[in-house]
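Notes follow the structure.
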Amino acid sequence: MKKSLRWVLIYILVSAGGGAAVAQSEKEMAEEYYKNGDCPKALTYYSALLKSSFEKVSLKNYTSCIIKTKAWSDAESFYKKQIKNDAPNAAWYYLYWGVLLEAQGKVQEAGKKSDQAIAASGARTELKREMAEEFRAINKPEWAKNILLDARAATKRTDIFQLELASVYRDLNDPEKMIDELLSYGMRYQNTEVVQNMLQDFTKDEKEQSLLEKVLYDKIQKFPNEGFYNELLIWYQIQRKDFYKAFVQERALDKRFKHNGARLYNLGQLALQNLDYTNAGLIFDHLVKEYPKGQLYPVARRMAIFAREEQVKNTYPIKRSEVQKLLGQYQQLVDELGVNARTIEALRNMAILNAFYMDDFKKAIDILQTAIEAGKHEKNFVDKCKLDLGDIYLLQGEPWEATLVYSQVEKSQKDDVLGYEAKLRNAKLHYYKGEFLLAKAVLDILKHATSREIANDANELSLLIMDNTGLDTFETAMRQYSSVELLLFQNKKFEAIDSLKSLYQRYQNHSLTDEILWLRARTYIKLDSNQQALEDLKLLYSKFGHDIYGDNALFEMAKLYQEKLNDKDQAMKLYQELMEKYPGSIFVAESRKRFRNLRGDVIN
């Protein structure tokens with residue numbers, strides 16, 4: 001008896017295993033036929049599989065094959081039987097039945113099937129989520145919205161599926177509801193990061209951005225003590241690089257929540273990094289006025305001067321009288337706070353201004369020595385000063401002294417950013433001297449530097465050397481061009497212009513021609529010789545518009561017409577041309593912003 005019972009059990013187990021193997025084999029066959037586009041055979045296997053066990057992918061592929069073969073009546077009969085025999089999965093059968101009817105052009109009937117799918121999902125919240133995802137995947141956002149709202153109604157909760165509904169409203173081009181869902185989610189969970197990421201993806205359109213800003217202002221007025229909306233508005237304004245508006249909001253938060261200026265200081269630094277020197281100065285000036293006895297006072301005061309310094313250095317032509325004012329402001333700061341760790345950066349700035357803009361090299365070196373002595377316990381600061389000292393030697397025409405100091409920093413900061421910076425300056429020194437093989441060897445190492453800025457600079461100079469050397473035995477053109485770059489480093493702009501004119505006449509068919517024109521145009525801009533700059537940019541664009549400087553030339557021309565020549569229409573035309581001709585250019589975003597400003601768009 002025991003023996004026969006054992007054989008019965010073995011038979012059952014083997015049969016079950018064999019059934020599973022057959023099912024697995026049928027699935028593989030179905031998928032193979034489906035991949036090969038043999039839908040009639042795939043349908044046979046899929047219908048058999050679905051009768052024994054439900055699988056969403058199999059149903060999806062079955063429906064796809066029905067649409068391809070147009071076997072509508074077979075499918076209708078199949079769906080009806082499956083809904084009756086497989087009630088737990090009826091919702092999915094209704095969903096794909098709706099897809100099938102849509103493919104036949106029976107839109108109203110398809111809509112009814114989607115309603116039946118929603119009803120069949122019952123109170124199963126997770127099922128509704130999955131079905132909403134599927135509705136979105138088949139480009140049916142309206143159906144996705146309906147099932148998600150049905151889930152809310154069934155659970156009597158308005159706080160579920162907020163991120164999913166935000167995505168659906170985005171699909172439906174309903175930015176107001178999309179923003180409302182995201183803000184509600186962020187407010188409930190105080191999760192600004194998720195909301196910011198989704199808003200960054202969703203609010204690409206100008207109207208959507210304006211709506212977001214309006215909604216946030218409304219929320220802040222309604223809930224003035226709720227920091228979440230303020231945080232989000234500041235983030236949005238920073239994304240837009242509107243640092244003045246961000247400053248206004250951050251100033252209010254600073255006062256209300258007693259941040260003691262720390263966040264304002266970070267905002268000022270961010271404005272500086274984005275070259276918004278005016279608003280950076282405004283922010284630092286506010287900190288100086290608001291916290292005269294705070295810890296941030298010395299650095300905020302120095303940064304306020306530094307922001308004005310950057311503005312002066314980037315407004316052409318650079319006026320010595322403005323540089324002299326800056327030197328006076330730095331000196332007042334040093335006189336007030338003394339020569340110590342709090343003022344060593346101010347001293348360093350003074351040395352650079354004296355050397356590069358006042359041609360007072362002796363005074364610059366004396367100030368640097370004072371700064372080095374005061375900051376001798378800060379290795380990085382001392383090495384930065386040594387790099388400055390090397391630059392001053394190069395300004396004076398003493399390249400050997402310069403390379404000596406650069407090399408000291410290379411050794412001192414071997415595997416750090418300052419070490420890479422020193423190596424880059426040594427490479428440029430080799431380049432200025434016409435030692436191209438030495439320069440390129442160093443630059444090729446620096447291409448892999450940890451600092452992206454240094455790596456980019458190294459790569460750019462390396463390519464310039466590679467593209468323009470080896471063309472003649474003596475590399476005459478390249479040597480003359482690199483010597484012009486040294487003149488520009490030494491602020492000898494008029495001498496550089498004369499040399500560039502001569503170079504252009506001599507090498508009009510050389511690979512350096514576009515580089516010569518680009519460098520000459522930029523030098524004219526720094527001399528405020530705008531018509532000459534414009535002529536060179538036009539020539540560069542007409543001859544080399546297809547090359548790497550095409551979008552650069554177009555953007556600089558547009559800026560000249562806008563900022564210097566007051567020709568609004570021509571500037572708009574060129575910005576438009578840049579956006580159309582160079583859609584992948586790094587200047588597209590700025591061109592669009594400037595174009596809209598010139599057109600008079602209200603950009604919040």
Are side-chain heavy atoms of Leu464 and Glu485 found at a separation under 4.5 Å?
-> yes
Would you mind checking if Glu410 and Lys414 are paired as a salt bridge, meaning a charged N to carboxylate O distance below 4.0 Å?
-> no
Test item: Thr343 side-chain N/O and Gly338 main-chain N/O as donor-acceptor pair under 3.5 Å = yes
Gln480/Arg506 under side-chain hydrogen bond (donor to acceptor under 3.5 Å, both in side chains): CA gap, chis, key distance, verdict | CA-CA 11 Å; Gln480 291 175 350; Arg506 199 177 308 166; 3.2 Å; yes
Would you say Glu453 has more than 12 foreign heavy atoms packed within less than 6.0 Å of its CD?
-> no
Is the NZ atom of Lys581 crowded by more than 12 outside heavy atoms at less than 6.0 Å?
-> yes
Just how far is it from atom CG of Leu578 to atom CG of Asp551, taken to the nearest 0.5 Å?
-> 6.0 Å
Could you tell me whether the side chains of Tyr582 and Glu577 share a donor-acceptor contact shorter than 3.5 Å?
-> no
Is there a donor-acceptor pair closer than 3.5 Å between any side-chain N or O of Thr370 and the backbone N or O of Asp366?
-> yes
Answer yes or no: is there a side-chain heavy-atom contact under 4.5 Å between Glu590 and Arg594?
-> yes
Under 3.5 Å donor-acceptor, Asn340 side chain and Arg342 backbone = yes
Before accepting this row, confirm whether a basic side-chain N of the pair Lys564/Asp528 lies closer than 4.0 Å to the acidic partner's carboxylate O.
-> yes
Value rounded to 0.5 Å, distance of CG in Asp514 from CG in Asp547 = 5.5 Å
Step-by-step side chain to side chain contact (heavy atoms under 4.5 Å, CB included) determination, Tyr316 to Arg522 | CA-CA 11 Å; Tyr316 304 117; Arg522 282 161 53 212; over 6 Å; no
In terms of side-chain heavy atoms, does Glu309 have a donor or acceptor partner in Tyr330 at a distance below 3.5 Å?
-> yes
Residues Ala477 and Leu503: closest non-hydrogen pair is O-CD2, 4.4 Å
Step through it carefully: locate the ring centre of Tyr393, locate the ring centre of Phe361, and say whether they are under 6.0 Å apart.
-> no
Run the ring-centre check on Phe587 versus Phe555 and record whether the distance is less than 6.0 Å.
-> yes
Enter the distance from Lys384:NZ to Leu418:CG here, rounded to the nearest 0.5 Å.
-> 6.5 Å
With a 4.5 Å heavy-atom cut-off, do Phe544 and Thr513 have their side chains touching?
-> yes
Is the backbone of Gly419 close enough, under 3.5 Å, to the side chain of Asp416 for a donor and an acceptor to pair up by distance?
-> no
Donor-acceptor pair, side chain of His259 and main chain of Gly261, under 3.5 angstrom = no
Quick one: pull up CG in Asn260 and CD in Glu290 and give me the separation to the nearest 0.5 Å.
-> 10.5 Å
Is the CZ atom of Phe257 crowded by more than 12 outside heavy atoms at less than 6.0 Å?
-> yes
Report the distance from atom CG of Leu394 to atom CD of Gln490, rounding to the nearest 0.5 Å.
-> 6.0 Å
Can you check whether Asn279's main-chain N or O pairs, donor with acceptor, with Asp276's side chain at less than 3.5 Å?
-> yes
Rounded to the nearest 0.5 Å, the CG atom of Leu233 sits from the CG atom of Asp242 at a distance of 9.5 Å
Decide if atom CD of Glu563 counts as having more than 12 heavy atoms of other residues, nucleotides or ligands within a radius under 6.0 Å.
-> yes
Excluding sequence neighbours, so at least two apart, what forms side chain to side chain contact (heavy atoms under 4.5 Å, CB included) with Ile352?
-> Arg348, Phe356, Asp388
Applying side chain to side chain contact (heavy atoms under 4.5 Å, CB included), run through Tyr297 and Leu287 and close with a yes or a no.
-> CA-CA 7 Å; Tyr297 174 79; Leu287 286 170; over 6 Å; no
Salt bridge between Lys492 and Asp359, side-chain N to carboxylate O under 4.0 Å?
-> no
Exercise: do Thr278 and Gln311 side chains pair donor with acceptor under 3.5 Å = yes
Can you tell if the side chain of Gln570 reaches within under 4.5 Å of the side chain of Lys573, non-hydrogen atoms only?
-> yes
Could you go through the side-chain hydrogen bond (donor to acceptor under 3.5 Å, both in side chains) check for Ser511 and Asp467 one step at a time?
-> CA-CA 7 Å; Ser511 60; Asp467 290 346; over 6 Å; no
Do you see a donor-acceptor pair shorter than 3.5 Å between the side chains of Glu345 and Asn349?
-> no
Pairs where residues 253-270 contributes a residue and the test salt bridge (charged side-chain N to carboxylate O under 4.0 Å, His left out) is met, not counting sequence neighbours | Glu231-Arg263, Glu250-Arg263
Kindly determine whether Lys493 and Asn491 satisfy side-chain hydrogen bond (donor to acceptor under 3.5 Å, both in side chains), including the steps that lead there.
-> CA-CA 5 Å; Lys493 295 184 182 70; Asn491 272 328; 3.0 Å; yes
Mind running side-chain hydrogen bond (donor to acceptor under 3.5 Å, both in side chains) on Asp335 and Gln331 for me, showing each step along the way?
-> CA-CA 6 Å; Asp335 291 343; Gln331 189 60 59; 3.0 Å; yes
Between the side chains of Asn380 and Gln413, is a donor N or O closer than 3.5 angstrom to an acceptor N or O?
-> yes
Side-chain contact test, heavy atoms from C-beta onward, threshold under 4.5 Å: evaluate it for Phe436 versus Thr469 and give yes or no.
-> yes
Determine the minimum heavy-atom distance between Thr403 and Asn426, stating which atoms define it.
-> OG1-OD1, 2.5 Å
Run the ring-ring contact (aromatic ring centres under 6.0 Å, His included) check on Phe247 and His286 step by step: do they pass?
-> CA-CA 10 Å; Phe247 165 57; His286 171 79; 5.5 Å; yes
Main-chain N/O of Leu270 paired to Asn274 side chain as donor or acceptor, under 3.5 Å = yes
For Lys325, look at atom NZ and say whether over 12 heavy atoms of other residues, nucleotides or ligands are found less than 6.0 Å away.
-> no
Quick check: are there more than 12 heavy atoms from other residues, nucleotides or ligands sitting under 6.0 Å from NZ of Lys241?
-> no
Determine yes or no for a side-chain-to-main-chain donor-acceptor pair under 3.5 angstrom, with Tyr406 supplying the side chain and Leu424 the backbone.
-> no
Got Gln562 and Met572 here, is their nearest side-chain heavy-atom distance under 4.5 Å?
-> no
Kindly indicate whether a cation-pi arrangement holds for Lys543 with Trp518, taking the cut-offs as under 6.0 Å to the six-membered ring centre and within 45° of the axis.
-> no
Taking the six-membered ring of Tyr504 (Phe, Tyr or Trp), confirm whether the NZ or CZ of Arg520 is under 6.0 Å from its centre and within 45° of its axis.
-> yes
side-chain hydrogen bond (donor to acceptor under 3.5 Å, both in side chains), paired with Glu435, selected from Arg479, Lys440, His430 = His430
Pair Gln576, Glu580: side-chain N/O donor-acceptor within cut-off below 3.5 Å = yes
If we ignore angles and hydrogens, is there a donor and acceptor under 3.5 Å between the side chains of Tyr524 and Glu535?
-> no
With a cut-off of 6.0 Å (strictly less than), are more than 12 heavy atoms of other residues, nucleotides or ligands near CD of Gln239?
-> yes
What do you reckon, is OH of Tyr217 surrounded by more than 12 foreign heavy atoms closer than 6.0 Å?
-> yes
